[in-house]
Amino acid sequence: MRLGTPWVHLRQCLTCGQVGCCDSSPMRHARAHAATTGHVVVRSIEPGENWRWCYVDEQFV
């Protein structure tokens, strides 16, 4: 939000709790966080969604 760029959906890092935007968003903050920290599993925090994603394996876990 601080950068003023739009975001589509939000993902939460399951290691540290940081929230970032999804891969459908221009900045892909959640993926960037995973790449820089090694925290590779996130969960969706969208209402009605209950899944986790691993950036290393590129699949639901």
Side-chain angles (χ1 to χ4, degrees):
M1 292 178 67
R2 180 177 40 139
L3 297 175
T5 58
W7 49 269
V8 179
H9 299 287
L10 297 176
R11 309 293 180 240
Q12 183 178 37
C13 173
L14 290 181
T15 302
C16 71
Q18 177 162 328
V19 175
C21 55
C22 70
D23 284 354
S24 296
S25 302
M27 301 299 287
R28 297 179 163 188
H29 287 115
R31 183 175 290 274
H33 174 75
T36 59
T37 63
H39 302 169
V40 298
V41 180
V42 296
R43 72 177 185 103
S44 173
I45 59 171
E46 295 301 309
E49 294 184 356
N50 185 25
W51 52 263
R52 281 119 176 86
W53 179 261
C54 176
Y55 287 111
V56 171
D57 297 320
E58 293 290 323
Q59 65 181 4
F60 294 104
V61 292

Inter-residue atom distance [X].[atom1] - [Y].[atom2], 0.5 Å rounding:
X: Tyr55; Y: Arg28; atom1: OH; atom2: CZ; result: 9.0 Å
X: Gln12; Y: His33; atom1: CD; atom2: NE2; result: 10.0 Å
X: Trp51; Y: Glu46; atom1: CH2; atom2: CD; result: 8.5 Å

So do the side chains of Glu58 and Trp53 get within less than 4.5 Å of each other, counting heavy atoms only?
yes

Is the shortest side-chain heavy-atom distance between Ile45 and Val19 below 4.5 Å?
yes

Would a hydrophobic clustering, with Ile, Leu, Val, Met, Phe, Trp and Tyr connected at side-chain separations under 4.5 Å, put Val8 with Met27?
no

ILVMFWY cluster, Val42 and Leu10 together (side-chain gap under 4.5 Å):
no

When you measure from the side chain of Arg52 to the backbone of Arg43, do you find a donor-acceptor pair of N or O atoms at a distance under 3.5 Å?
no

Among Ser44, Ser25, Cys22, which residue meets the side-chain contact (heavy atoms from CB on, under 4.5 Å) test with His9?
Cys22

